[in-house]
Engineer: 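Would you mind keeping the following structure in view while I ask a few things?
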Amino acid sequence: MFPAAGYVEMATQAVRVTTGGSAALVDIELRKALFLPTGPEGATAPAAPVQLSFRGEDAEFTIATAARGDTGERTVHARGAVRSAQRGHHRPLPRLDADSIRHGSARHLTGAACYKALAALGYHYGPAFQGIEEVWLGPGEALARIRPPAPIGDDAARHHMHPVLLDSCFQTLLTPQLLGSEGAEATSGTGVRLPLSIGEVDLDAVGDQPLWAHAVLTRDTDGELVGDIAVHADDGRPLGRVTGFRAADVESASTTVGLGTIDSWLADITWTEAPCATDPLGTPVGDWLVLADGQASPTSCGPGHRPRRPLPPGAAGPRLPPEPRRAGVGDQARFPRRPGAAPHGAARGGRAPYDHVVHLWSLDLPPMDAAGTAADVRDRADLAGYSLVALARALPVHQPGSWLHIVTHGGQAVVPGDPAEPLSAPAWGIGRVLGQQELPGHRGTLIDLDPGTGEDTAARAADAEALLREMAPSDGEHEVALRDGRRLTSRLTPVTGLPARCRCGSVPTARTW
């Protein structure tokens, strides 16, 4: 397995080549282990190249395995950010008082004894990664003498800080576990801990000189440890430090680290049944501007329809203007392409703004399979998409305070087997952006009518009454679907039951890492 220290050195060298100066690495995330091929060269499939990318605009770096083939995706192993640092700025830090720490320690181990005890815990370091020469242990801290091991030869001199030396510093944080095992036996109940993240790595060039690493644990609970490491030269001069080093027990990673994986970030829209909204005939709903569908008429369709039962004088009911303003679907060509201009019907000539603006034009969209050519699809997409964009530009100017309601017909897959009409999708996508981000002060309701209802006058009148009910002030729901006499509202819920090949922690068996 490629060591975390290797990622740090890769990023450090890339920054030095790119900027010509020193830098500190911060907010390092160790996302997925990189497993290297074993055995003689050529005995296994060729390893995919590992690439480091650096973005100057946000000073972030990413280390990933390149994708295989035309359809593969790269695997991100580590990422972090870079901040500037001046060489030698660690000098104000205190010098190391090694004698004081050694005299106050509770246990001393040679390098060989240290690695034997770590092996008993499950940490099996090969000869090339055994950089600890001696270590002194105390409660929650350790002081290690580190020297480049013989197997790496003079390679350390060509590095800023050789991964073997930095990894030996990381190992120092593990050694306080050995304090209670005088016979170099494993501490009961302790599992192997793998690095997950590092808050900051800020180190001067080390080369091949011997080091002191003073590690202090800041947290060690529930299989997870966090600590800081101060790095000093042989004479005690400060060379830098590593802060916020975090490692967790690999045996319990599925529970202690699972919430940090991509799996837990995934959510899906689900629809749950909710009580019907209030009676539309008993709630004052104000004045309306209806961008009507092609079948609309003042008596049969749309929220501006006349009540189908008589109301006595003074009875509470929808307050309709004497002549409801209705912009038909044929008026969509008059939607302005100039930002800020008012669409047809959106300006009231000095009168007070409408209380509700209702977009019904998506109801005239045909099924996708009847759309014909790609040009037809683009033209009809404007009916549900661009018309809303133009309307959104005009509302704050010409209709301040109005609520925008968007209506589609079978545009959402709500129940199992429910088809969704793609031409209505832009209306919901744009509607969500407008309601949640761009025009929250105009947020009304997104309503999807039942695609299974009939086309006769009675069915349209029932749809109209249902729409009026949803647009009246009720339970605060902003996304509603009507299906088979039921009212359903949308919720975001965690995704469950992902197939293994889609999970963040899965490793394809046919790929070499």
Engineer: Using every non-hydrogen atom in the two residues, find where Val8 and Ile198 come nearest and quote the distance to one decimal.
Structural biologist: CG2-CD1, 4.4 Å
Engineer: Going by the rule side-chain hydrogen bond (donor to acceptor under 3.5 Å, both in side chains), which residues pair with Gln436 if we only count those two or more places apart in sequence or in a different chain?
Structural biologist: none
Engineer: Side chains of Ile101 and Leu96: does their closest heavy-atom pair fall under 4.5 Å?
Structural biologist: yes
Engineer: Let's go through His359 and His405 carefully: what are the C-alpha distance in whole Å and the side-chain angles of both, what is the deciding distance for side chain to side chain contact (heavy atoms under 4.5 Å, CB included) to 0.1 Å, and is it a yes or a no?
Structural biologist: CA-CA 6 Å; His359 185 279; His405 307 281; over 6 Å; no
Engineer: Do you know which two heavy atoms are closest between Ala248 and Leu196, and how far apart they sit?
Structural biologist: CB-CD1, 3.5 Å
Engineer: Looking at every heavy atom in both Gly131 and Tyr115, which two are closest together, and how far apart are they?
Structural biologist: N-OH, 3.0 Å
Engineer: Checking Arg145 now: which residues fulfil salt bridge (charged side-chain N to carboxylate O under 4.0 Å, His left out) with it, not counting sequence neighbours?
Structural biologist: Glu133, Asp234
Engineer: For a side-chain contact (heavy atoms from CB on, under 4.5 Å) with Glu479, tell me which candidate from Ile447, Leu488, Thr445, Leu446 qualifies.
Structural biologist: Leu446
Engineer: Does Ile229 form a side chain to side chain contact (heavy atoms under 4.5 Å, CB included) with Thr172? I'd like the steps, not just the answer.
Structural biologist: CA-CA 8 Å; Ile229 307 166; Thr172 307; 5.6 Å; no
Engineer: Less than 4.5 Å apart, side chain to side chain, heavy atoms only: is that true for Trp271 and Val415?
Structural biologist: no
Engineer: Kindly indicate whether the side chain of Ile63, heavy atoms from C-beta on, has any atom under 4.5 Å from the side chain of Met10.
Structural biologist: yes
Engineer: Does Glu438 have any salt bridge (charged side-chain N to carboxylate O under 4.0 Å, His left out) partners at least two apart in sequence or in another chain, and if so, which?
Structural biologist: none
Engineer: List the residues meeting side chain to side chain contact (heavy atoms under 4.5 Å, CB included) with Leu211, not counting sequence neighbours, and say none if there are none.
Structural biologist: Ile146, Met161, Leu165, Val206, Gln209, Val231, Leu239
Engineer: Looking at residues at least two apart in the chain, or sitting in another chain, which of them share a side chain to side chain contact (heavy atoms under 4.5 Å, CB included) with Ala247?
Structural biologist: Arg193, Leu225, Phe245
Engineer: Quick one: does Leu25's side chain get under 4.5 Å of Val82's, heavy atoms only?
Structural biologist: yes
Engineer: Checking Asp99 now: which residues fulfil salt bridge (charged side-chain N to carboxylate O under 4.0 Å, His left out) with it, not counting sequence neighbours?
Structural biologist: Arg102
Engineer: Is there a side-chain contact between Leu178 and Arg107, using heavy atoms and a 4.5 Å cut-off?
Structural biologist: yes
Engineer: Do Thr408 and Asp448 have a side chain donor and acceptor closer than 3.5 Å?
Structural biologist: yes
Engineer: Give me the atom names and distance for the closest heavy-atom approach of Leu492 to Ile269.
Structural biologist: CD2-CG1, 3.9 Å
Engineer: Test of understanding: with side chain to side chain contact (heavy atoms under 4.5 Å, CB included), list the residues that count as partners of Thr221, not counting sequence neighbours.
Structural biologist: Arg219
Engineer: Which heavy-atom pair separates Gln171 from Phe129 by the least distance, and what is that distance?
Structural biologist: NE2-O, 3.1 Å
Engineer: Under the criterion side-chain hydrogen bond (donor to acceptor under 3.5 Å, both in side chains), which of His232, Glu141, Arg241 is the partner of His214?
Structural biologist: Glu141
Engineer: Could you work out, with side-chain hydrogen bond (donor to acceptor under 3.5 Å, both in side chains) as the rule, every residue matching Glu134, not counting sequence neighbours?
Structural biologist: His108
Engineer: Using side chain to side chain contact (heavy atoms under 4.5 Å, CB included) as the criterion, list what pairs up with Val26, not counting sequence neighbours.
Structural biologist: Ala81, Arg83, Glu200
Engineer: Using a 4.5 Å cut-off on heavy atoms from C-beta on, say whether the side chain of Ser105 contacts that of Leu143.
Structural biologist: no
Engineer: Can you tell if the side chain of Leu166 reaches within under 4.5 Å of the side chain of Leu203, non-hydrogen atoms only?
Structural biologist: yes
Engineer: Could you work out, with side-chain hydrogen bond (donor to acceptor under 3.5 Å, both in side chains) as the rule, every residue matching Tyr125, not counting sequence neighbours?
Structural biologist: none
Engineer: For His159, enumerate each residue passing the ring-ring contact (aromatic ring centres under 6.0 Å, His included) test, keeping only those at least two apart in sequence or located in another chain.
Structural biologist: His162
Engineer: Only counting residues at least two apart or in another chain, list the ones meeting salt bridge (charged side-chain N to carboxylate O under 4.0 Å, His left out) with Asp418.
Structural biologist: Arg483
Engineer: Tell me, do Gln13 and Leu52 make a side-chain contact under 4.5 Å, heavy atoms counted?
Structural biologist: no
Engineer: Using every non-hydrogen atom in the two residues, find where Ala144 and Ile132 come nearest and quote the distance to one decimal.
Structural biologist: CB-CG2, 4.3 Å
Engineer: Verify whether one side chain among Glu9 and His160 offers a donor that lies under 3.5 Å from an acceptor in the other.
Structural biologist: no
Engineer: Inspect the contact between Arg79 and Glu60 and indicate whether a charged nitrogen and a carboxylate oxygen are less than 4.0 angstrom apart.
Structural biologist: no
